[in-house]
*Asks:* 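For reference, the structure I am asking about is given below.
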Amino acid sequence: MWFSPLTPHWSCSTMRLSQMIGSRYKERPAEAVLDSHAFLLRGGYMRQVANGIYSLLTPGLRVAQKIETLIREEMNRIGGQEVLMPLVLPRELWDESGRYETIGPELLRFADRTGHDMLLGMTHEEAVVALCRNEVKSHAQLPFMVYQIQTKFRDEARSRGGLIRVREFTMKDAYSFHTSQEDLERYYDVCYDAYNRIFARAGLPEVTPVESDTGMMGGQIAHEFILLADCGEDTIAVCGSCSYRANMEVAEGRIEAYPEDALPLEKIHTPGMKTIEEVAGFIDVEPRQTAKVVFYQNDADGKLVLALIRGDLEVNEAKVAKQIKTLPVPATEAQIEAVGAVAGFATPMGLDTAKVRIIADETVAASNNLVCGANEVDYHYKNFNLGRDLPGVAACDIAEVADGAGCTRCAGTLNLRRGIEVGNIFQLGTKYCTAMNMSYTDAAGKMQTPIMGCYGIGVGRLAASVIEARHDKFGPQWPISIAPWQVHINALKVDDPIRETADALYADLCAAGIEAIYDDRNASPGVQFAEADLLGVPIRIIVSKRNLDNGELEFKRRDTGEKGTIPREGAIATIQGWIHDALTALKPGTREAINS
RNA sequence: CGGGGCGUAGCGCAGUCCGGUUUAGCGCACCUGCUUUGGGAGCAGGGGGUCGCCGGUUCGAAUCCGGCCGCCCCGACCA
C-alpha cells in the first residue's frame, strides 16, 4: 500500500532509512571548521537557518531528546520539579531585577503589537522568582528545586562552531531555594554530583568541574563543567599534580616572593625606554624585577584606575572588574595625563588618590627594589617598594595566571588548556529574591528571603561536545545513552532471503522496544557503511549472504570497535544484553538523593 | 563593533582579473532504465539556477561601477 512506509512510525521509535528526511553527504561543508559542526551537517542532524540558529532533523532531535531524558532523570533524582516558563517575557520582570538595563544587546528586546516592551529569555531567574514568590510562603515549603528544559535566546555578537556557540539553544536550567547558606551549599554539592553523573552517563566522564567567575550573575561560588578541547573558548588552568582546576577568570597562581633589603629610591635616565622589555634590558634586570602600570578609565565611583603588577605578569581584567565593581576599559593617553601620570613612564607614586584608584597585585608586594616609572618622560625609579613607597595601598590578586605558574594548592605546576563549558552551577545568594521581593515566613513567624542557586546545561552544546570527544575520520561514535538509535541494520546485496531476514530482524527489534534504524535501501555496501558511520549508531548489524548461509548475522560496534558474528537465532536477546551492558558501563554508582 | 574571506543547483567547486559560442559549466547528490553490490559502483538518458539583492555603465553583465544584505574565520564581547 502506498502509505505503508509510515506505519512503523506510529508504533515504535524506529526508522527506515529509505523514508528518513534529510540526506547525508560525502563532502565536508565549507563553512564547518570544527569536526562536530561538519558531522552534524554531513550526517543530516541539522541544517542552518540563520547565523547561530538551526533546525534539527530527526537524528539530531533524537540525540537532543536522549540528552534531555537523561538530564530529566538526574534532576528528578535530586528532587527537581519540572516546570516550563515562557521564552517571551515582559520587560517589567527584568526591570525588577535591574537586568533590563545592565545587560547589553545580547538580550533581544522587542515590542509587541500594543507597544509593550518584551524580551526573549536568555536565562530565567526573573521568571522563576516571579513564579515562586506567589507559590511559596512558608519555611515548610523550602528547600525546593524547579527546573525546565526550554529554549533560550542570546543575541551573541558572534556565534560560531556549529552547535558549540549559538544564539538560539535548548538549555536545562534549574533553580533552588533555601533557608540558609548552609543548605544552599549542601544542595550545591548534590547538584555538583548530579552533574558529574549526567556527563558520565552521556559518555563524557572526563568533563570536570572548574572554579569559575560568577560574572553578572552575582554570588560567591560558581563552577563550570568543562570538556578540555582545543576548540574550546574558555581557558582553564589545570594543575598537573593535584585536582585544582580553575577558569582563567579566577585562577590563582603561586606568588613567588623575592625579598631583599629595601634600598633607597634612585631616579635614573632611561631615554625612550617605554616597554618592560626595553627598560629591563637597558638597566640589565629581569622583567620580574620591574613593576608595570596599566590604566583603566574608571572604577564604579568614576576614578581613574591604576593597576600595578610585576613586570613579567599580565593584568587579568576579570579580576580587576571585581575590584573596581565595573568592567575595566583601557584609559586614553589624555585621561592618563589629566591625573599627572606619564604613559610609558608611569608610577603610582605621587598621584592624587582622590582622582586615581590604585590597585596593586600581591606579586608587587612580594618583591622589593623594583624598577618603575617616574611620571617623567625618559626617567624611571629603581628600588620601588610597595609597603614603603605606597603605604596606604593594600595588595590584591589581579594577576593573570601564566602557563607554568606554580599551583597554590600543592607543589605542582599549572598548565593552561582550552575547554568547552557544557554546564555551570552558581550559588546566587539573595540577589534576585531581594530585588524581586520573594519572601517566606520562618518558624518564628519572621519574614525571610530565600537563598538561591542556579544550574545550567546546554543540550546542543553537550551533543556537539560529545562528537568533538568521540569521533573518528568517518563520523561520530555516539555513546549508546545518547545515540540517535541503538541498533543500525544494514542489508547487503538484497535478495529475497536477505530482505526477509532484515525485515524480520527490524520487526523483532521494534517489538522488543529496541531503537533501530534500518537501511532498507538497495544501496552499495560502501554507501551504506559510510552513512552508518555518519549516524554513529553503536551497534551495527549486517545482514548479508556471506553470513546468512550459516544462519549468522554480522555485527560491528561503532562505540568499541569490536566485530564478529552472532547466530540469527537468539540475536534479539544478544543485542538486548549488549545494550544493557553498554548502558550499565556508562552509569556511575548510585548515591543518596537529596530527599532520602 | 574592528580586521580578513566568501556568496554561481541540495553539497563541493570552475568561470569573474581581461564583458560577447556560455542556451551558465563540472563532480557528488536527485529522477528513469539496464548492469552491478563488503567501504561513498558503471553505462545511457533526464530534471533542477531569477549567478545574494537593488541600482548604474554598456548594443550586450555571473563578469565592470555604486549601495545594501547574508555567511564563515580572527579579534572585541559573553551565565
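So that the names make sense, note that chain A is the first sequence line, chain B the second, and so on, each numbered from 1. No experiment lies behind these values; they were computed from the predicted model shown.
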*Asks:* What nucleotide, of B:rA76, B:rC13, B:rC78, holds the atom closest to the side chain of A:Ala157?
*Replies:* B:rA76
*Asks:* Provide the Watson-Crick or G-U wobble partner of B:rC6, both distances under 3.5 Å; none if there is no partner.
*Replies:* B:rG70
*Asks:* Please report whether the ring centroid of A:Phe225 lies less than 6.0 Å from that of A:Phe199.
*Replies:* yes
*Asks:* Reading RNA chain B from 5' onward, which residue's closest nucleotide shows up sooner: A:Ala50 or A:Ala30?
*Replies:* A:Ala30
*Asks:* When you compare B:rG46 with B:rC26, how far apart are their P atoms, in angstrom units rounded to a whole number?
*Replies:* 12 Å
*Asks:* For A:Pro29 and A:Gly52, take the nucleotide of RNA chain B holding the closest heavy atom to each; which residue's nucleotide lies nearer the 5' end?
*Replies:* A:Pro29
*Asks:* Using the C1' atom in both, what is the distance from B:rC1 to B:rC51, to the nearest Å?
*Replies:* 31 Å
*Asks:* Provide the closest heavy-atom pair for A:Gln48 versus A:Asn51 in the form atom of the first, atom of the second, distance.
*Replies:* NE2-CA, 3.4 Å
*Asks:* Looking at every heavy atom in both A:Cys132 and A:Met438, which two are closest together, and how far apart are they?
*Replies:* CB-CE, 3.7 Å
*Asks:* Going by the salt bridge (charged side-chain N to carboxylate O under 4.0 Å, His left out) test, which pairs reach into residues 32-41 of chain A, not counting sequence neighbours?
*Replies:* A:Arg28-A:Asp35
*Asks:* Provide the Watson-Crick or G-U wobble partner of B:rA62, both distances under 3.5 Å; none if there is no partner.
*Replies:* none
*Asks:* Provide, to the nearest angstrom, the distance between the CZ atom belonging to A:Arg160 and the C1' atom belonging to B:rC71.
*Replies:* 15 Å
*Asks:* With respect to the phosphate group of B:rC72, does any side-chain polar atom (N or O) of A:Gln48 fall under 4.0 Å of OP1 or OP2?
*Replies:* yes
*Asks:* Is a donor-acceptor contact shorter than 3.5 angstrom present between the side chain of A:Arg28 and the base of B:rC11?
*Replies:* no
*Asks:* By salt bridge (Lys or Arg N to Asp or Glu O under 4.0 Å), which residues pair with A:Arg72, not counting sequence neighbours?
*Replies:* A:Glu82
*Asks:* Figure out the NE2/P separation between A:His37 and B:rC71, and round it to whole Å.
*Replies:* 12 Å
*Asks:* Is there a side-chain contact between A:Leu509 and A:Ile489 in this structure, where contact means two heavy atoms from C-beta onward sitting under 4.5 Å apart?
*Replies:* yes
*Asks:* Sugar-phosphate means primed atoms, P, OP1 and OP2; the rest is base. With that split, encode nucleotides 36-42 of chain B 5' to 3' as B, S or - using protein heavy atoms under 4.0 Å.
*Replies:* BBBBBS-
*Asks:* Going by purine N1 to pyrimidine N3 plus the second Watson-Crick contact, or the G-U wobble pair, all under 3.5 Å, which nucleotide sits opposite B:rU16?
*Replies:* none
*Asks:* Write down the distance separating the P atoms in B:rU50 and B:rG25, rounded off to the nearest Å.
*Replies:* 15 Å
*Asks:* Could you identify the nucleotide paired to B:rA29, looking across every strand shown and requiring Watson-Crick or G-U wobble geometry with both distances under 3.5 Å?
*Replies:* none
*Asks:* Atom CE of A:Met122 and atom C1' of B:rC77: how far apart are they, to the nearest Å?
*Replies:* 12 Å
